[in-house]
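A note on names: the letters A, B, ... follow the listed sequences, proteins ahead of strands, and every chain is numbered from 1. If you're wondering where the values come from, they're calculated on a predicted model, not measured in any experiment.
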There are 2 protein chains.
Amino acid sequence: MDSEKKQEMSPNLEVLPLSSALDMGKSCTCFNLRKATRRVTSYYDAALKPCGLKVTQMTLLTAIRVLEPITIKRLAKAIVMDRTTLSRNVSLLNKKGMIDIEPGDDLRTRRLALTEKGHTALVAAFPLWQKAQVEIINELGEDRWASLLEGISDLVALS
Amino acid sequence: MDSEKKQEMSPNLEVLPLSSALDMGKSCTCFNLRKATRRVTSYYDAALKPCGLKVTQMTLLTAIRVLEPITIKRLAKAIVMDRTTLSRNVSLLNKKGMIDIEPGDDLRTRRLALTEKGHTALVAAFPLWQKAQVEIINELGEDRWASLLEGISDLVALS
DNA sequence: GCATAATAAGTGTATATACACCTTGTGCTC
DNA sequence: GAGCACAAGGTGTATATACACTTATTATGC
């Protein structure tokens, strides 16, 4: 009697209440974080276009610049990335001649370091990165941006 | 005369100053966002394990729940995702029987909607999602979390 | 010293992401 | 109504991501 003709539905179809679905969309930390990551990644990638690096690659080179020489496992921990993901990302930049992969003293480990080409690429990328970075800080306002970065760090450190 | 024996290096090898590299790692909006996204995604995925959905899939189902029936292009815009990425993600959930893909009135478009199975999966996922969501809010504290979510939304809306 | 534990890394597979290019369907102009 | 511009979507390719499993090397206990 109630709603008979919308379409043929099974007797007791349970659907998530619209209010719950709306609430999830507005408040889900992960969904909104992923949205922001897509937007921001595209923003930095566009800025880095002239140097041929993506922001993911540039930040990986930067991490190695700071920590070299370093093993896969330690670097993965430092940048909060699965070891196997890092392995593959490193391989790609190794194929492009920007990262050197040598056996460590412990032969189970690899010793990662930037090549000359990697250093040069990073130097070229830096001013492009900086421009995008400043634009975003200015658009948010320095205070809001600083507080946002803190919040993001809190998420990284989730128990 | 200065540093001659570290290794054979070319005469004028330009490297990014360590201070610049350190600063980039600490402050890059994108790098830190991506780190947080990896951590948070893994957090929600672990919570959703019992229902067999990943958080990316659950949030896609949720978006369709709210907007159905909707086209690929409109949904992509709503969730700030490239149209072709969405196409593929929708295909996967279509193969799993959770999303219905019909031709729209305009035959160029597709009409996306949840199937019964999709609705059921979403109902099952909701309490698991909610538990993770509450845990994260509690860990950050409600105020910090709310302000963080606002900042994230600001990033999504970047010009 | 040898058998076994534990550790570091790589591989197979699957999903998420997006750009460049292609196909198809609509509407518009004459 | 024929031709063309535009709009919606799909495909090819490439990178990013991570889990389960495997391989190679080291450390450990006896």
Check your understanding: Does dA5(C) sit syn or anti, given that only angles within 90° of 0 count as syn?
Key -> syn
Practice item. Using heavy atoms to find the nearest nucleotide of DNA chain C for T84(B) and T84(A) separately, return the residue whose nucleotide is more 5′. Key: T84(A)
Review point. Under 4.0 Å: is that the gap between some side-chain N or O of R74(A) and OP1 or OP2 of dA8(C)?
Key: no
Point to revise | Atom CD of E14(B): over 12 foreign heavy atoms under 6.0 Å | key: no
Study note, to complete from the structure: Checking dT25(D), dT26(C), dA16(D) against the side chain of D106(A) (C-beta onward), the nearest is dT25(D)
Study note, to complete from the structure: Here the distance between atom P of dA8(D) and atom CG of L75(B), to the nearest Å, is 14 Å
Point to revise | Between dA18(C) (P) and Y44(A) (OH): distance, integer Å | key: 17 Å
Review point. At under 4.0 Å between heavy atoms, what does K95(B) touch on the DNA or RNA strands: base, sugar-phosphate, or nothing?
Key: nothing
**Study point:** Under-4.0 Å side-chain N/O to phosphate OP1/OP2 contact, R34(B) with dT17(D)
**Key:** yes
Exercise for review: Calculate the interatomic distance between K54(B) atom NZ and dA14(C) atom P; express it in whole Å.
Suggested key: 12 Å
Check your understanding: Below 3.5 Å, does any donor atom in the side chain of R38(B) face an acceptor in the base of dT17(D), or the other way round?
Key -> no
Practice item. Taking atom types as modelled, find out whether W129(B) and T59(B) have a side-chain donor-acceptor pair closer than 3.5 angstrom. Key: no
Review point. CZ of R39(A): more than 12 outside heavy atoms within 6.0 angstrom?
Key: yes
Exercise for review: Step through the shown structure and confirm whether more than 12 heavy atoms of other residues, nucleotides or ligands are within 6.0 Å of CG on N138(B).
Suggested key: yes
Check your understanding: Side chains of L122(B) and M58(B): closer than 4.5 Å at any heavy-atom pair?
Key -> yes
Check your understanding: dA16(D) C1' sits how many Å from N89(B) CG, rounded?
Key -> 13 Å
Review point. For the pair made of CG in D45(B) and C1' in dT15(C), what is the distance, rounded to whole Å?
Key: 10 Å
**Study point:** Working for side chain to side chain contact (heavy atoms under 4.5 Å, CB included), residues T56(B) and D45(B)
**Key:** CA-CA 9 Å; T56(B) 46; D45(B) 275 352; 5.6 Å; no
**Study point:** Residue mapping more 5' on DNA chain D - nearest nucleotide basis, D105(A) or K49(B)
**Key:** K49(B)
Review point. Mapping R108(A) and M81(A) to their closest nucleotides on DNA chain D, which lands nearer the 5' end?
Key: M81(A)
Review point. Counting only Watson-Crick or G-U wobble pairs whose two distances fall under 3.5 Å, which nucleotide matches dA5(C)?
Key: none
Check your understanding: OP1, OP2 of dG10(D) versus side-chain N and O of S87(B): anything below 4.0 Å?
Key -> yes
Practice item. Measure distances between side-chain N and O atoms of R83(A) and base N and O atoms of dA9(C), and say whether any donor-acceptor pair falls under 3.5 Å. Key: yes
Study note, to complete from the structure: Taken to the nearest whole Å, CD1/I101(A) to C1'/dA9(C) is 11 Å
Practice item. Send over the distance from L107(B) CG to dG10(D) P, rounded to a whole Å. Key: 13 Å
Exercise for review: Take the protein atom CG of D82(A) and the nucleotide atom C1' of dT15(D), then report the distance between them rounded to whole Å.
Suggested key: 16 Å
Revision key, fill the gap. By the Watson-Crick or G-U definition, both distances under 3.5 Å, dT26(D) is matched with none
Practice item. Kindly say whether, by distance alone, the side chain of R88(A) makes a donor-acceptor pair under 3.5 Å with the base of dG12(C)? Key: yes
Review point. How do R39(A) and K96(B) order along DNA chain C: which one's closest nucleotide is nearer the 5' end?
Key: K96(B)
Practice item. Could you tell me whether S42(A) contacts a base, only the sugar-phosphate backbone, or nothing, with contacts defined as non-hydrogen atoms closer than 4.0 Å? Key: nothing
Review point. Donor-acceptor pair under 3.5 Å: do we get one between T85(A)'s side chain and the base of dA18(D)?
Key: yes
Exercise for review: From the options dA8(C), dA8(D), dT15(D), select the nucleotide whose nearest atom is closest to the side chain of Q57(A).
Suggested key: dT15(D)
**Study point:** The single option from I79(B), V40(B), V55(B) passing side-chain contact (heavy atoms from CB on, under 4.5 Å) against F31(A)
**Key:** I79(B)
Review point. Contact class for T41(B) (heavy atom, under 4.0 Å): base, sugar-phosphate, or nothing?
Key: nothing
Exercise for review: Output yes when at least one side-chain N/O atom of K35(B) is less than 4.0 Å from OP1 or OP2 of dA16(D), else no.
Suggested key: no
